[in-house]
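Along the sequence shown, residues are numbered consecutively beginning with 1. Computed from heavy atoms alone, side chains included, the values below leave out hydrogens, waters and symmetry copies. All values derive from a computational prediction rather than experimental measurement.
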Amino acid sequence: MTIHSPPPPIRVLLADDHTLVRRGVRLILDGEPDLRVVAEAGDGAEAVAAARSGGVDLAVLDVAMPRTTGLQAARELSRRLPDLRILILTMYDNEQYFFEALKAGACGYVLKSVADRDLVEACRAAVRDEPFIYPGAERALVRAYLDRLHRGDGLPARPITEREEEILKLVAEGHTSKEIGELLFISAKTVERHRANLLQKLGVRDRLELTRYAIRAGLIEP
């Protein structure tokens with residue numbers, strides 16, 4: 001008689017800049033026999049570094065984090081580690097973020113408000129390579145998509161490039177052009193050029209208005 005041992009647990013990387021949130025989510029995941037949090041990160045850059053060090057099957061990323069957002073981290077991880085599964089965990093019940101998450105390579109989108117109900121199943125679905133949409137969102141998302149098609153609008157376009165988004169976030173967090181250049185390995189002059197392009201593209205006048213836009217876009221928290 002052959003005795004089959006259970007498969008090893010899914011190894012999870014958990015990224016959120018709030019320690020209490022990470023602690024709560026970890027309790028949910030570690031309470032399941034097939035899930036184990038093996039790494040934590042406080043921002044998107046730490047998450048990318050932790051995932052690239054290996055030993056992770058699934059990354060659960062918050063949207064709004066310092067330095068690098070969950071969506072930015074998801075884009076980089078999708079390019080560098082195509083076999084890694086990614087879930088976005090967010091407080092934002094926002095259609096634009098949902099579509100951005102899918103484009104960034106995530107296979108699921110879970111609201112923090114119902115994480116205790118949905119996150120475990122979302123993790124299991126992600127590892128099966130199945131999409132997960134929080135219950136209640138499907139009808140609204142499909143309706144919004146069909147309305148766009150009927151109007152001939154297609155999917156919402158991203159107004160700025162990925163590099164501009166990185167710089168916008170760091171500007172809004174209060175970094176100088178020199179500091180941003182050092183973080184992104186580009187010159188301060190290049191940062192200033194991107195910043196000027198952002199002001200023009202977004203139709204804003206100064207750093208304060210850039211910061212307001214970054215808050216509305218979910219790049220930083222108010």
Student: Identify the heavy atoms of Ala41 and Ala47 that sit nearest to each other, and give their distance.
Tutor: CB-N, 3.5 Å
Student: Assigning hydrophobic clusters by single linkage (Ile, Leu, Val, Met, Phe, Trp, Tyr; side-chain heavy-atom cutoff under 4.5 Å), is Met65 placed with Leu84?
Tutor: no
Student: Over all heavy atoms of both residues, which pair between Ala101 and Leu71 is shortest? Give the atoms and the distance, please.
Tutor: CA-CD2, 3.6 Å
Student: Locate the shortest heavy-atom distance separating Ala64 from Asp17; write the atom from each residue and the value.
Tutor: O-OD1, 3.3 Å
Student: Can you tell me how far the CG atom of Leu35 sits from the CD1 atom of Ile28, to the nearest 0.5 Å?
Tutor: 11.0 Å
Student: Decide if atom CZ of Arg36 counts as having more than 12 heavy atoms of other residues, nucleotides or ligands within a radius under 6.0 Å.
Tutor: no
Student: Could you grab the distance from atom CD of Glu32 to atom CD1 of Ile10, nearest 0.5 Å is fine?
Tutor: 10.0 Å
Student: Can you find a side-chain donor-acceptor pair between Glu166 and Gln72 that sits under 3.5 Å?
Tutor: no
Student: Can you tell whether the side chains of Arg85 and Asp57 come within less than 4.0 Å, N to carboxylate O?
Tutor: no
Student: Decide yes or no for Glu173 and Pro66: does some side-chain heavy atom of the first lie under 4.5 Å from some side-chain heavy atom of the second?
Tutor: yes
Student: Would you kindly confirm whether Leu119 and Leu27 end up in one hydrophobic cluster when ILVMFWY residues are joined by side chain heavy atoms under 4.5 Å apart?
Tutor: no
Student: Under the salt bridge (charged side-chain N to carboxylate O under 4.0 Å, His left out) rule, what do Glu162 and Arg79 come out as? Steps first, then yes or no, please.
Tutor: CA-CA 13 Å; Glu162 289 181 21; Arg79 286 192 289 260; 3.3 Å; yes
Student: One pair to check against side chain to side chain contact (heavy atoms under 4.5 Å, CB included): Ile180 and Val171. What are the steps and the verdict?
Tutor: CA-CA 8 Å; Ile180 294 171; Val171 166; 3.6 Å; yes
Student: Would you compute the distance between atom SG of Cys107 and atom CG of Asp129 and round it to the nearest 0.5 angstrom?
Tutor: 6.5 Å
Student: Closer than 4.0 angstrom, basic N to acidic O: yes or no for Glu100 and Lys103?
Tutor: yes
Student: Would a 4.5 Å heavy-atom cut-off, applied to side chains only, mark Thr161 and Lys201 as touching?
Tutor: yes
Student: Charged N to carboxylate O under 4.0 angstrom, Glu165 versus Arg75?
Tutor: yes
Student: So that I can tick it off, tell me whether Asp16 and Lys112 are bridged by a salt bridge, with the cut-off set at under 4.0 angstrom between side-chain N and carboxylate O.
Tutor: yes
Student: Between Leu170 and Leu183, is any pair of side-chain heavy atoms under 4.5 Å apart?
Tutor: yes
Student: State, with a plain yes or no, whether a side-chain heavy atom of Val37 is found less than 4.5 Å away from one of Leu29.
Tutor: yes
